[in-house]
Amino acid sequence: MTPVHAPAPRHRTALSVNINKVALLRNTRHLGIPDVLRAAQLCLEAGAQGITVHPRPDERHIRSDDVYELAALMKDWPDREFNVEGNPLQNLMGFVRSLAARGLPLHQCTFVPDGESQFTSDRGWSFPDDAARLKPLIEEVHSRGVRVSLFMDPLPEAMAAAREVGADRVEFYTETYARAWGTPDKDKVLEQFSQAGRAAAASHLGVNAGHDLNRDNLAEFLHAVPGVLEVSIGHALIADALELGYSATVAAYLRCIDEALPAA
């Protein structure tokens, strides 16, 4: 019999591959290469648990057709997840509605507060400022049977507010950790994420993470931050794939995830 004081086994973090940068490279020519669908297929075959896209209004990387074609691909992978992220005050809700109308899968919708011409995501939602705008949109996504994650800075005091507006999960914006990697500030920054993770758990929120995580810093982050259910990794993973190939790269990131698991 397992003693009552034994710690619960740690859940293995899922890897969702963000393929935006594959689309960005493709869009520099009119040849259709590299193939976004093929990239997703290879990542799934290598063991990735999900595919993420962030279609911005200017379609500078992921295009509308990509979203629907990838969703159709995901029907062949019923044990994996399709995550579409973006600003629900811009084009994101249109994809949520259209995917539902077409009977295509969408498992998670990640709300990100970026501007239309923003270079990349650089902050999380702010409470109470954003609460009134987010709550009805979260309710609409839920009405379609889709989980909602909010892109958030690692602020422990904000976790209860995220749960109050109806979020199922938060995705920690991890650029501050990535910037601190290899500096004397790393442990202090990592502790802030750890505290935010504990606050999220206390508020009954699941925790995702993403932005500038890579093969060097991923395992330590997962070891320090409790209960991370999913990491969404794009830029570093696709850059690694240019050298190693998709299959070897996904395998390498999965090994990083396993390194963070406690010894049996």
Side-chain angles (χ1 to χ4, degrees), residues 6-18 47-50 52 54 81 83 85 107-108 110-113 120-127 147-164 167-237 240 250 252-264:
R10 181 162 180 164
H11 180 83
R12 186 177 190 248
T13 303
L15 171 65
S16 187
V17 177
N18 185 320
Q49 288 84 21
T52 291
H54 186 152
E81 290 199 345
N83 171 48
E85 60 182 32
H107 304 93
Q108 180 173 261
T110 301
F111 287 11
V112 182
T120 188
S121 307
D122 65 0
R123 65 180 179 87
W125 295 99
S126 178
F127 292 99
R147 181 171 70 239
V148 175
S149 178
L150 296 182
F151 199 62
M152 297 289 293
D153 297 308
L155 302 173
E157 64 274 15
M159 297 300 106
R163 183 59 180 157
E164 189 173 337
D168 305 290
R169 295 186 184 181
V170 291
E171 179 178 330
F172 287 153
Y173 168 51
T174 51
E175 185 181 0
T176 53
Y177 165 69
R179 285 203 311 265
W181 176 261
T183 76
D185 294 330
K186 183 198 68 176
D187 290 344
K188 178 181 178 181
V189 172
L190 197 52
E191 176 58 24
Q192 185 177 17
F193 279 96
S194 181
Q195 290 178 11
R198 290 192 291 270
S203 297
H204 306 288
L205 284 165
V207 173
N208 297 341
H211 209 91
D212 292 342
L213 294 173
N214 57 44
R215 286 184 294 158
D216 292 328
N217 62 32
L218 177 58
E220 185 167 357
F221 181 86
L222 295 178
H223 183 75
V225 181
V228 177
L229 299 176
E230 174 188 290
V231 288
S232 177
I233 304 178
H235 185 90
L237 191 151
D240 289 338
V250 169
Y253 278 85
L254 292 174
R255 286 195 297 272
C256 292
I257 289 171
D258 287 340
E259 286 175 18
L261 292 170

Check your understanding: Does the side chain of Glu85 come within less than 4.5 Å of Phe111's, by heavy atoms?
Key -> no
Review point. Under the side-chain contact (heavy atoms from CB on, under 4.5 Å) criterion, do Thr183 and Lys188 qualify, and how do the steps go?
Key: CA-CA 10 Å; Thr183 76; Lys188 178 181 178 181; over 6 Å; no
Practice item. Enter the distance from Thr174:OG1 to Asn208:CG here, rounded to the nearest 0.5 Å. Key: 11.0 Å
Donor-acceptor pairs are to be reported for all side-chain atoms of residues 229-237 against protein atoms at under 3.5 Å, with residues two or more places apart or in another chain.
{"from": "Glu230", "atom 1": "OE2", "to": "Gln108", "atom 2": "NE2", "distance (Å)": "3.1"}
{"from": "Ser232", "atom 1": "OG", "to": "Thr52", "atom 2": "OG1", "distance (Å)": "3.4"}
{"from": "His235", "atom 1": "ND1", "to": "Lys21", "atom 2": "NZ", "distance (Å)": "2.6"}

Study note, to complete from the structure: Interatomic distance, CD1@Ile257 vs NE2@His223, rounded to 0.5 Å, equals 15.5 Å
Exercise for review: Kindly give the heavy-atom pair with the smallest separation between Val250 and Ala48, and that separation in Å.
Suggested key: CG1-N, 3.8 Å
Practice item. Verify, without hydrogens or angle tests, whether Gln49 (side chain) and Gly47 (backbone) share a donor-acceptor contact under 3.5 angstrom. Key: yes
Practice item. Mind checking side chain to side chain donor-acceptor pair (under 3.5 Å) for Asp185 and listing every partner two or more places apart, or none if nothing turns up? Key: none
**Study point:** Non-neighbouring partners of Gln195 that pass side chain to side chain donor-acceptor pair (under 3.5 Å), sequence neighbours left out
**Key:** Glu191
Check your understanding: With a 4.5 Å limit on heavy-atom distance, are the side chains of Tyr177 and Val225 in contact?
Key -> no
Review point. So, do Phe172 and Asp153 sit near enough that their side-chain heavy atoms are less than 4.5 Å apart?
Key: no
Point to revise | Pairwise distance OG1(Thr13) to CG(Leu254) - rounded to 0.5 angstrom | key: 10.5 Å
**Study point:** Partner set under side chain to side chain donor-acceptor pair (under 3.5 Å) for Arg215, not counting sequence neighbours
**Key:** Asp240
Review point. Is there side-chain contact between Val207 and Met152, with heavy atoms separated by less than 4.5 Å?
Key: no
Check your understanding: Among all residues two or more places apart in sequence or in another chain, which pass the side chain to side chain donor-acceptor pair (under 3.5 Å) test with Thr176?
Key -> none
Check your understanding: Is any side-chain heavy atom of Glu220 less than 4.5 Å from a side-chain heavy atom of Trp181?
Key -> yes
Review point. Are side-chain heavy atoms of Phe221 and Val228 found at a separation under 4.5 Å?
Key: yes
Practice item. Compare every heavy atom of Ala224 with every heavy atom of Ser194, then report the nearest pair and how far apart it is. Key: OG-O, 3.2 Å
Revision key, fill the gap. Residues at least two apart in sequence or cross-chain that pass side-chain contact (heavy atoms from CB on, under 4.5 Å) with Asp168, listed by chain then number, are His142, Arg147, Val148, Arg163
Revision key, fill the gap. Heavy-atom closest pair (Phe127 atom, Ala158 atom, distance to 0.1 Å) is CD1-O, 4.4 Å
Exercise for review: Taking all heavy atoms of Ala219 and all of Cys256, pick out the closest pair and write down the distance.
Suggested key: CB-O, 3.4 Å
Exercise for review: For the residue pair Arg198 and Pro156, establish whether any side-chain heavy-atom pair is separated by less than 4.5 Å.
Suggested key: no
Practice item. Show your working on side-chain contact (heavy atoms from CB on, under 4.5 Å) between Val170 and Phe151 and close with a plain yes or no. Key: CA-CA 6 Å; Val170 291; Phe151 199 62; over 6 Å; no
Revision key, fill the gap. OG (Ser149) and CG (Asn83) are apart, to the nearest 0.5 Å, by 7.5 Å
